[in-house]
Asks: 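Input: one structure, supplied below.
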2 protein chains.
Amino acid sequence: MADVFAALANPTRREVLRLLLERGEQPVQQLADHFDMRRPSLSEHLRVLKDAGLVTEHPIGRQRFYALRPEPLAEVADWLGPYERFWRARLADLREVLDGLPDE
Amino acid sequence: MADVFAALANPTRREVLRLLLERGEQPVQQLADHFDMRRPSLSEHLRVLKDAGLVTEHPIGRQRFYALRPEPLAEVADWLGPYERFWRARLADLREVLDGLPDE
DNA sequence: ACAATAGGTAGGGGATTCCCTACGGGTCAA
DNA sequence: TTGACCCGTAGGGAATCCCCTACCTATTGT
């Protein structure tokens with residue numbers, strides 16, 4: 001499974017994920033209509049997303065439908081876990097400072 | 001502020017963040033000791049992290065200490081939010097299927 | 001059978017990434 | 001002040017990224 005972070009590094013690929021989340025599975029041409037980009041370029045982005053496990057693909061007739069596969073994003077969320085504890089502690093510190101200010 | 005996702009795409013940079021989380025702020029040389037890489041290359045990674053707002057830097061004498069700044073990671077967590085709802089729904093579906101199986 | 005449609009692959013070119021070595025500026029210790 | 005140390009920047013090279021056009025196969029409709 002290719003690197004999920006690398007797959008997410010590209011804005012076009014993140015936009016594809018957003019479209020698939022909002023509208024559900026879609027064929028390639030329908031996705032391509034929303035980008036200022038030729039279809040073969042989008043096809044390559046879709047391959048990167050598929051290699052990262054972020055989308056699945058299945059053919060219906062001559063179309064290929066791509067669908068969101070969010071499991072790798074759950075892994076990203078797990079990766080964020082330890083950092084989340086850190087930034088929450090920071091926010092708590094900030095709140096304490098604010099609470100300690102002379103009333104105004 | 002540069003693209004946080006692009007900054008996270010590189011394994012060395014993610015490792016830097018991990019080191020800063022585990023050990024707190026550190027000078028460049030101490031970070032560089034943990035990579036099979038020349039120091040100037042690590043300096044460039046640190047600049048990318050700083051441009052993305054993921055680290056802060058302050059000099060003490062002739063050393064420069066880098067520290068974790070987790071706020072952009074909180075933004076990544078926010079970005080994940082809608083997808084999290086999606087994968088949780090998936091897990092719930094899976095649980096239903098398992099519950100519906102004939103007892104075994 | 002033939003034309004049209006959907007979409008992947010090949011190959012190329014310019015931009016960017018990621019490493020390197022060489023070097024320069026600032027700080028500390030003798 | 002002189003040398004050692006910390007670290008950033010310059011510049012270059014190989015690899016990768018990201019777009020393109022051209023082309024191919026597979027499926028559908030006439």
Side-chain angles (χ1 to χ4, degrees), chain A residues 1-20 23-69 72 76 79, chain B residues 1-20 23-69 72 76 79:
Chain A
M1 195 81 85
D3 185 359
V4 175
F5 287 99
L8 294 179
N10 182 280
T12 297
R13 290 195 288 266
R14 291 199 298 275
E15 178 73 3
V16 167
L17 296 181
R18 194 186 64 80
L19 288 172
L20 294 178
R23 312 181 181 177
E25 63 177 11
Q26 289 179 58
V28 175
Q29 187 57 56
Q30 195 168 336
L31 288 168
D33 288 343
H34 291 273
F35 295 94
D36 183 20
M37 179 182 301
R38 304 296 172 185
R39 189 191 39 72
S41 303
L42 186 64
S43 270
E44 293 185 19
H45 284 306
L46 290 171
R47 186 169 49 76
V48 172
L49 289 170
K50 191 178 169 189
D51 288 347
L54 285 161
V55 300
T56 59
E57 164 259 328
H58 68 277
I60 295 184
R62 57 188 157 182
Q63 299 188 117
R64 295 198 194 182
F65 282 79
Y66 283 82
L68 182 62
R69 182 177 173 274
V76 172
W79 178 85
Chain B
M1 195 81 84
D3 185 359
V4 175
F5 287 99
L8 295 179
N10 182 279
T12 297
R13 290 195 289 266
R14 292 198 300 274
E15 178 73 3
V16 168
L17 296 181
R18 195 186 63 79
L19 288 172
L20 293 179
R23 312 182 182 176
E25 63 177 11
Q26 288 179 58
V28 175
Q29 187 58 56
Q30 194 168 335
L31 288 168
D33 288 342
H34 291 273
F35 294 95
D36 183 20
M37 180 182 300
R38 304 296 171 185
R39 190 191 39 71
S41 302
L42 186 65
S43 269
E44 293 186 18
H45 284 305
L46 290 171
R47 186 169 50 76
V48 172
L49 289 170
K50 192 178 169 189
D51 288 346
L54 284 161
V55 300
T56 59
E57 164 259 328
H58 67 277
I60 295 184
R62 54 188 160 184
Q63 300 187 117
R64 295 200 194 181
F65 282 79
Y66 283 83
L68 182 62
R69 182 175 173 276
V76 172
W79 179 86

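Letters go in sequence order (proteins before strands), and every chain restarts at 1.
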Asks: Report the C-alpha distance between R23(A) and H34(A) in whole Å, list the side-chain angles of each, state the deciding distance to 0.1 Å, and finish with yes or no for side chain to side chain contact (heavy atoms under 4.5 Å, CB included).
Replies: CA-CA 13 Å; R23(A) 312 181 181 177; H34(A) 291 273; 2.9 Å; yes
Asks: For a quick check, with a 4.0 angstrom heavy-atom cut-off, what is the B/S/- contact string for nucleotides 6-15 of chain D, read 5' to 3'?
Replies: SBBB-B----
Asks: Let's go through L19(A) and F35(A) carefully: what are the C-alpha distance in whole Å and the side-chain angles of both, what is the deciding distance for side chain to side chain contact (heavy atoms under 4.5 Å, CB included) to 0.1 Å, and is it a yes or a no?
Replies: CA-CA 11 Å; L19(A) 288 172; F35(A) 295 94; 3.9 Å; yes
Asks: Does the pair L8(A) and V76(B) meet the rule for a side chain to side chain contact (heavy atoms under 4.5 Å, CB included), with working shown?
Replies: CA-CA 11 Å; L8(A) 294 179; V76(B) 172; over 6 Å; no
Asks: Round to a whole Å and report the spacing from CG of D3(A) to P of dT17(C).
Replies: 15 Å
Asks: Is there a side-chain contact between T12(A) and M37(A) in this structure, where contact means two heavy atoms from C-beta onward sitting under 4.5 Å apart?
Replies: yes
Asks: Specify the separation, in whole Å, of atom NE2 of H58(A) and atom P of dG8(C).
Replies: 13 Å
Asks: Quick check on contacts: within residues 4-20 of chain B, what sits under 4.0 Å from DNA chain C by heavy-atom distance?
Replies: N10(B), R13(B)
Asks: State, yes or no, whether a side-chain contact exists between T56(B) and L68(B) at a heavy-atom distance under 4.5 Å.
Replies: no
Asks: From R64(B) CZ over to K50(B) NZ, what is the distance, rounded to the nearest 0.5 angstrom?
Replies: 7.5 Å
Asks: Taking 4.0 Å as the cut-off, does a side-chain nitrogen or oxygen of H45(B) come that near to OP1 or OP2 on dC19(C)?
Replies: yes
Asks: Angle between the end axes of the helix from dA1(C)-dT30(D) to dA30(C)-dT1(D), five pairs per end, to the nearest 10 degrees?
Replies: 20°
Asks: Is the backbone of L54(A) close enough, under 3.5 Å, to the side chain of R69(A) for a donor and an acceptor to pair up by distance?
Replies: no
